[in-house]
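In this text, all values refer to a predicted model and were calculated from it rather than measured experimentally. Ligands are counted one by one from 1 in listed order, and the atoms in each one are counted from 1 as well.
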Amino acid sequence: MTDVATAVVRARAALRAALASAPRPVGLIPTMGWLHDGHRALMQRARAENATTVVSIFVNPRQFGDPKDLARYPRNEARDVAIAEAEGIDLVFAPGVEEIYPPGSDTTVRVGAVVAILFDLIGAERAYFGQKDAQQVLVVRQMARDLAIPTEVIACPTIREPDGLAMSSRNVHLSPEERAAAPVLRQALLTAREAWADGERSGDVLRERMRAQIAGEPVAVVDYVSVADAVTLRELDRVDGSALLSLAVRFGTTRLIDNEALG
Ligand code: AMP
């Protein structure tokens, strides 16, 4: 669209109205806000490939098991809008919870529910996701296929801090000690990748390599380590073709994830 200020809309009707005459194609970047350079990379890619770009900011309460985790999720809409504006984004969709889940809403989509609503509301030709959430990319692709939503799902590389830690809105919660230990996620993935490159094909051995590396950091507690089929996400006994290494690690109350594709 043109070089005017980023518009912020909150209601479904306002969103549809704003997009009715928007130049196509439209590129969507779904986020939970507290935007960082990882999000910026998605915005830049979307800007390069689309005539109109939309960033959605919605912290989905149903995605949080622990209400305390939801309550402390970092938020600053003014800062997010300023970042979107600096990246030349046309529209920010920042709905309240009742706009996404209206009273009496009664249809459940098992996977990618909020993204399904965003895809339908925005009707984007393309939507951009980070490889950091590789499982989410697979789930959203599947959902779009199952529901015949024509939005193309595009995965973009994970943006990292210089020490390898994947950028995440959650990193702000890390204490200095936890922050110093957090690159162990990346190191564990690279250790397993090296073993794989040296010919190791046992899923158990690769998982154990990751666990052992994380055990070297006392403040890091493994939530899961996974060596899974890159398409079905089933755990693998043996890595014969491609695979997805992934892990989730807790530092105090902060849970971080990362992953690495093999093959
Ligand atoms: P979030 O706001 O954390 O839900 O992330 C919104 C989108 O940005 C998701 O598609 C994420 O995968 C993506 N994203 C988050 N962190 C990064 C990163 N470090 N590099 C690339 N994409 C990211």
For the CD atom on Glu177, are there more than 12 heavy atoms of other groups (residues, nucleotides or ligands in this structure) within a distance under 6.0 Å?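 Atom CD in Glu177 is not crowded, with 12 or fewer foreign heavy atoms closer than 6.0 Å.
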
Looking at Asp163, I want to see if its CG is surrounded by more than 12 non-hydrogen atoms of other residues, nucleotides or ligands under 6.0 Å.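 Counting other residues, nucleotides and ligands, CG of Asp163 exceeds 12 neighbours.
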
CA sep, side-chain torsions, deciding dist, call: Leu262, Leu244, side chain to side chain contact (heavy atoms under 4.5 Å, CB included): CA-CA 6 Å; Leu262 299 182; Leu244 183 72; over 6 Å; no

Within the structure, does Met167 bring an N/O atom to less than 3.5 angstrom of an N/O atom in ligand 1?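 By distance alone, the answer is yes.
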
Is it possible for you to say whether Leu15 and Phe119 belong to one hydrophobic cluster, with membership spreading through side-chain heavy-atom contacts below 4.5 Å?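 Leu15 clusters together with Phe119.
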
Can you tell me the protein heavy atom closest to [atom] and the distance?
atom: atom 21 (C) of ligand 1; answer: Pro157 O, 3.5 Å
atom: atom 5 (O) of ligand 1; answer: His39 NE2, 3.3 Å
atom: atom 23 (C) of ligand 1; answer: Gly130 CA, 4.1 Å
atom: atom 4 (O) of ligand 1; answer: Met32 CG, 3.4 Å
atom: atom 6 (C) of ligand 1; answer: Pro30 O, 3.2 Å
atom: atom 11 (C) of ligand 1; answer: Asp133 OD2, 3.2 Å

Begin from the C-alpha positions of Gln135 and Ser246 and carry the test side-chain hydrogen bond (donor to acceptor under 3.5 Å, both in side chains) through to its verdict. CA-CA 9 Å; Gln135 292 91 339; Ser246 66; 3.2 Å; yes

Contact check, His36 vs ligand 1, heavy-atom distance below 4.0 Å: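 Contact present.
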
Any heavy atom of Arg160 closer to ligand 1 than 4.0 angstrom?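 Arg160: no contact with ligand 1 (<4.0 Å).
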
Before giving the answer on side-chain hydrogen bond (donor to acceptor under 3.5 Å, both in side chains), spell out for Thr158 and Gln131 the whole-Å C-alpha distance, their side-chain angles and the decisive distance to 0.1 Å. CA-CA 5 Å; Thr158 301; Gln131 193 60 38; over 6 Å; no

Proximity winner for atom 8 (O) of ligand 1, if only heavy atoms of Val59, Leu42, Asn171, Ile159 are counted: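 Nearest heavy atom to atom 8 (O) of ligand 1 lies in Leu42.
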
Atom indices of ligand 1, in the order listed, that fall short of 4.0 Å to a heavy atom of Gln136: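 Selected atoms, number and element: 9 (C), 10 (O).
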
Salt bridge check: are Glu152 and Arg141 linked by an N-O gap of less than 4.0 Å?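 Salt bridge flag = no for Arg141 with Glu152.
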
The single option from Arg170, Lys68, His173, Arg72 passing side-chain hydrogen bond (donor to acceptor under 3.5 Å, both in side chains) against Thr253: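 Only match with Thr253 under side-chain hydrogen bond (donor to acceptor under 3.5 Å, both in side chains): Arg72.
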
